[in-house]
Structures are given as C-alpha cells and as structure tokens.
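The structure appears right after this line, and notes come after that.
Atom set for the values below is all heavy atoms of this structure, side chains included, hydrogens, waters and symmetry mates excluded.
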Amino acid sequence: MTVAIIVSSALSALLLTLALVLPSITSPTVPFGVRVPVQRAGDPVVVRQTSIYRWRVFLGGILAVGLGVAIYGTTGEAWLLPLPVLVLLAVWYGCFFLANHAIRAAKAAGGWYKGLRQGIAVDTGLRTDPPRFPWRWLAPALILTLATMTIGVVSFPSMPEQLVVHYGANGAPDRIAAKSVGTAFSLVFVQIGMTALLAGMAAAIFRGRPDIDPGHPVGSARWHRQYTALGAKALLGLAGAIDLGLMGSSLLMWTGTATPLAPLVIVLPVLAAVVVAVLAMARHNREPLGGERDTGLAHRDDDKYWRGGLIYVNREDHALMVPRRFGLGWTLNFGNPRAAMLLAGVAALISLVVILRFGS
C-alpha cells in the first residue's frame, strides 16, 4: 500500500511540476498553442494569461491532491490512488484551454497578423542529408526482449502450473491463471509490441514536417535536427526501460515470487526513464536564437489546423507526426489516415494483452 501511495504522489508531483514550467520552455511564438508574431510574444494578454494559468494549475493541483487524500482516507480503496493524477491532468488541460481561448480572442480582436509578411521555411537538406536514426539506442530494448524470451522458453517446463498474472497495490497476488503459452509469454508479447511501436514512432519523427522559423531559418533548422535526434533517443530509451520492467515482471510471474515491491519492478524503470526524457527534452525544447539576422518573415498563421491548440488535423499534410505546440515532443496528425491505423494498433495490442492474461 505504501508503495502505491509513493508512486501516486511521485506522478502527481511530476505532472504538477511539468504543467507549471511548460509555458517557460515552449516557443514564445506559440503561447498555449496559439500562433503569434514574435512582436506579440510578450503582449500583456499573453503575460497575464500565463500568470493566471500557473495560479489555476497550482491551486487545482493542491485541490486534486487534497481530494485524493480525503477519498482514500475515507474509503481505504487502493484503486482510487490514481484519482489525484487523473484530476490533476483534467485541471491542467482545462487551464490550458482557458488560456488558449483568451489569447485567441485577443489575437483576433487586435489583428496581430495584420500587415505582416508571412512565410514558410524548408530545410531541403533533410532529403539529401537527413539526420541518422540512432540505431544503437534501439539495441537495449531488442536485447532485453530477446533475453526475456530466451529465459521464458528455457524455464517454461519448470514454471508453476498456476501463474500470477496481476498484483494488487500492496504487492499481493490478486489474479491467477493456468500456465499456457499465452499467459506465460503475455508480457513478452507486450515487449515486442511496445518496442515496435516506439521504434516506429521514433522513425516517424524523422519523416515528420519540421516547424522551421522563417525569421531565423538556419538556426531553426539546425535545432530541429538536434531535437529530432534527441526525441528519437528518448523514445528508444523509454522502450528499453519498459522492456526492463516487463522482464522483471515476467521473472516474478515465472518463479511464483510474491513481494510487496512487485509494482515497483515495472513502475520504477519506466518512471525513471520518463523523468530523464522529460528533463532532457525540456532542456532543449526552445529554439536558441543565436546571432542569426532576422529575415523579417513571420510564421504562417496556421491556427485553423490546431483544434484547441493541441490536436493537429490537416488532411493536406502527409506527415504522420508534427512538433507539439504546447508540451514536449511530437503529436499525431489526425488528418492522416495512418494516425487512425496507429491508434487501432495500440488498441489491438492492449486487447491482446487483456485476453491473454485475463481471458483464461
């Protein structure tokens, strides 16, 4: 139980911290997902909405944690421990949408783009000299998956006839299934699926459309290459951490080991990888201005393709993934049919795991 409380508290603290610092590390020309000219990045409306957003998130986070503590103290139900995280997530995006709406309204009323020269910058070198995919970062995930599979095949005959397929928040087994290839290797299938998914996403960002600043195209293109490589490494590192956690969980299942620390076997590697990835991405999330001379061009006003500043829908854009406007990394282009196929694949993977582990 203590482990579950610690994990829930750590996730809440991570989310709250990330929500509070994101406005400072996001590009100043897309405050809260609204495209604005660089001359308006410090507009009083933007400054005021940033301050209001932070106060709302901070107070909402305190209330979410307080609500979670009160509910858990009243009911004692461990499955309610993730509730503060979910409430905080809802508060975070609610505050974001309020700020987004206010800045959009000020932008439209003030005609912020009136009279400006808008442009698009393209890095043609991405086709002739594209960034190299970091294959070495994929090796740990592949090695861990292969090692888990090998250990499973070798030890399958000696595994218990009844396998523990789920542990409660206190680390005690609460779900047992008969030994079969499906149940014994269910987490190996998850390793394969997650590794393929995250490696595919890492490859997709290399083929994504870069959002190059036409005002400083050279420095922006250079930054995009570095940020793309960093994002791919973060995804592949996360795949390795997930596979490590799944390997540990598989070993617990195959040996019939019951320990209060069972939830941490998978949570700790993943949480550590997420924290490292977030810190690395946040440190390089904003383009450095450098000493490049401004061309006088402003970013094209493309707000119409962004639903609420978060969801990108552009059927004319063939890219599957594009840089996020608010947050870290990339997001899907939901106007691309392949996005629906990717989401369907994720849903199928989750369904397969549920059937294999809990269907018997």
Rounded at 0.5 Å granularity, tell me how far CG in Leu297 sits from NE2 in His216.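 Answer for the CG-NE2 pair, Leu297 versus His216, is 11.0 Å.
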Of Leu246, Thr150, Val190, Thr195, the residue whose pairing with Thr145 passes side-chain contact (heavy atoms from CB on, under 4.5 Å): Thr195
How are the rings of [X] and [Y] set to each other: parallel, tilted or perpendicular (split at 30° and 60°)?
{"X": "Tyr93", "Y": "Phe96", "answer": "perpendicular"}
{"X": "Trp55", "Y": "Phe58", "answer": "perpendicular"}
{"X": "Phe32", "Y": "Phe326", "answer": "parallel"}

Is there a donor-acceptor contact under 3.5 Å linking the side chains of Asp303 and Tyr305? no
Distance-only side-chain donor-acceptor flag, Ser180 / Thr183, under 3.5 Å: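 A pair is found: one side chain offers a donor N or O, the other an acceptor, under 3.5 Å apart.
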Assess whether a salt bridge exists between [X] and [Y], defined as any Lys/Arg side-chain N lying under 4.0 Å from an Asp/Glu carboxylate O.
{"X": "Arg48", "Y": "Asp43", "answer": "no"}
{"X": "Asp123", "Y": "Arg222", "answer": "no"}
{"X": "Asp211", "Y": "Arg325", "answer": "no"}

Which atom of Val181 lies closest to which atom of Phe189, heavy atoms considered: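 Closest heavy-atom pair between Val181 and Phe189: O-CE1, 4.4 Å.
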I'd like to check Val45 versus Gln49 (side-chain heavy atoms, cut-off strictly below 4.5 Å). Are they in contact? yes
Do Asp213 and His299 make a side-chain contact, defined as non-hydrogen atoms from C-beta onward lying under 4.5 Å apart? yes
is_close_aromatic(Trp330, Tyr227), centroid dist under 6.0 Å: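 Ring-ring flag for Trp330/Tyr227: true, centres closer than 6.0 Å.
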